[in-house]
There are 2 protein chains.
Amino acid sequence: MAVHEGGAAALFRPVRTRNAFEETVGRLLQAIRLGVAAPGEKLPSERDLAARLGVSRVTLRDAIRALVDAGYVESRRGRYGGTFVAVTLPSPPPRPAPGDDLEDVLTLRRVLESGAAEAAAARTLTPAERRHLTAALLDVSDVDTDEAEYRRRDSRLHLAIAEVAASASLTTAVADIRTRVNELLDAIPLLAVNIEHSDAQHRSIVDAILAGNPVAARQAMDEHLDGTSALLRGFLCG
Amino acid sequence: MAVHEGGAAALFRPVRTRNAFEETVGRLLQAIRLGVAAPGEKLPSERDLAARLGVSRVTLRDAIRALVDAGYVESRRGRYGGTFVAVTLPSPPPRPAPGDDLEDVLTLRRVLESGAAEAAAARTLTPAERRHLTAALLDVSDVDTDEAEYRRRDSRLHLAIAEVAASASLTTAVADIRTRVNELLDAIPLLAVNIEHSDAQHRSIVDAILAGNPVAARQAMDEHLDGTSALLRGFLCG
DNA sequence: ATCCAAAGGACTGATGCTGGCCCATTGAAC
DNA sequence: GTTCAATGGGCCAGCATCAGTCCTTTGGAT
């Protein structure tokens, strides 16, 4: 009698997809792409970052070196020096075919992000959290025609929603799934119409969360996600 | 201007919590604890497992050795030999205080598992999937007073629900969160009353999924999870 | 003008993990 | 009874990664 095949795939998956160097590059890229580290901003010092990422300074430096070469960051020596996110970011390399995992990504995103919205609305938010959320919302609606910048602020709003759900693991999961979704979005054009829709939907979501209405928050998020899901399916699958 | 503090914590978290050996032990233990590898069953061969886990055979063997020493598995040499899950599993070591992450775990679990139930109900299941789900349901209701065995079958049912949601990443996430929940459950007693309640709730969940009713599936799962959440909060927090 | 603290840059020895190779054991098939 | 294939057991050279240490650059404080 051998192990049950169904669940085995989920558990006997690779323990480590990438090595420490690659993971580190990925993590930094993720921070830049999601807008957590905005253009021009300074990253933490190498010693600090290495400690936070649980990686040796050598490995971190190799990763930073790769990002410098690729044009994502710049390093300056001396006191008040550091590593800075480039003011003008390189455009991401063209992605290969998204393949089977389109539905995988969309399914997981719906579960995580709608769940986060509901969980956030179910809590009693502190004033700081309410401000954080509102600020992120205003940021998104305040972009003039820079597609890349819009996508970063959009990600930051969605991350902020996950944050106020007050589950660190959930925030992490949302950050990961957004990175995957963004990779797919990079392959398709962003239309002004979509942005207008999104802005209105963002407002509904945040309103529902601030009002403490979990059902409405979930529903608003569902609607919002359905929009981009349809967009992605249309461009990538049709 | 430094990086935005909120999201930074989610992204600048450790790249690797544990080393390859520890991760491997954890993965195998997870498979055993969740009942994916049931007592007496044979694990895949070392060469096969090492490949699936993306780890060298040396590392895998070290991990297996640790599990042999701990009494979780037994190895037999020769053709038709292999590594077998022990027939009587050791009881898990007493856990330290669960601490802050109780709410973290419970929040994420609700998001993932209720989301999985809804996603599963939203699909049109194949006959094989319907059978898989039904079989897992019958398995759970068919346990006589063996607490550990009950928990394994319970986990397998919940995993089966995630599987029929047809998102590999979601299945993985559910497996991980269940491992964390089970660690907490190990610290508290399981009452017969709870089992009866659970059986009825399991039936409602599966019924809703088979009927293709996402709203009912989510609601049933929410109710089910609320039960154990309350139990855990009561025992661990009060 | 000098000093100094904070940052990046560079090196080294120790350790973990890998990939490959061969040996030892077992039970079925012939 | 011999053979053979599949499996666990063990070993080793090489590479990745780590922790620690020291050097270099820079600009504000004195």
(message) For D:dG8 and B:T83 - does any side-chain N or O of the residue sit under 4.0 Å from the phosphate oxygens OP1/OP2?
(response) yes
(message) From CG of B:L43 over to C1' of D:dT7, roughly how many Å is that when rounded to an integer?
(response) 13 Å
(message) Expressed as a whole number of angstroms, how long is the span from B:D62:CG to D:dG10:P?
(response) 10 Å
(message) Could you tell me how far apart B:N19 (CG) and C:dC17 (C1') are, to the nearest whole angstrom?
(response) 10 Å
(message) Does D:dT7 have OP1 or OP2 under 4.0 Å away from a side-chain N or O of B:S75?
(response) no
(request) Send over the distance from A:D48 CG to C:dA6 P, rounded to a whole Å. (result) 13 Å
(message) For A:Q30 and A:T179, which I'm curious about, is there any donor-acceptor pair between the side chains at under 3.5 Å?
(response) yes
(message) Looking at B:T59 and B:V55, would you say the former's side chain and the latter's main chain have a donor-acceptor pair under 3.5 Å?
(response) no
(request) For the pair B:R16 and B:E23, find out whether any cationic side-chain nitrogen is under 4.0 Å from an anionic carboxylate oxygen. (result) no
(request) Report the distance from atom CZ of B:R47 to atom P of D:dG10, rounded to the nearest whole Å. (result) 13 Å
(message) Can you say whether a donor on the side chain of B:R77 sits under 3.5 Å from an acceptor on the base of D:dT7, or the other way round?
(response) no
(message) I want to check something: taking the side chain as every heavy atom from C-beta on, are A:R151 and A:R33 in contact at a cut-off of under 4.5 Å?
(response) no
(message) Quick check for you: among D:dG27, D:dG10, D:dT21, whose closest atom lies nearest to any side-chain atom of A:R57?
(response) D:dT21
(message) Between P on D:dG8 and CG on B:L67, what's the gap in Å once rounded to a whole number?
(response) 14 Å
(request) Using only side-chain N and O atoms of A:R61, determine if any of them is under 4.0 Å from OP1 or OP2 of C:dA10. (result) yes
(request) Please determine if a side-chain N or O atom of B:S56 lies less than 4.0 Å away from the OP1 or OP2 oxygen of C:dC17. (result) no
(message) Side chain of B:Y80 only, heavy atoms from C-beta on: which candidate in D:dT21, D:dG9, C:dG27 is closest?
(response) C:dG27
(request) Starting from the 5' end of DNA chain D, give me the residue, A:R79 or A:V58, whose nearest nucleotide shows up first. (result) A:V58
(message) If you assign each of B:E22 and A:S45 to its closest nucleotide in DNA chain C, which residue comes earlier from the 5' end?
(response) A:S45
(message) Whole angstroms only, please: what is the CG-P distance between B:L60 and D:dG9?
(response) 11 Å
(request) Please state how far atom CZ in B:R65 lies from atom P in D:dT7, giving the value in whole angstrom units. (result) 21 Å
(message) Students often get this wrong, so: under 4.0 angstrom with heavy atoms, is B:R76 touching a base, only sugar-phosphate, or nothing?
(response) sugar-phosphate
(request) Please tell me if the side chains of B:E46 and B:L49 come closer than 4.5 Å, counting only heavy atoms from C-beta onward. (result) no
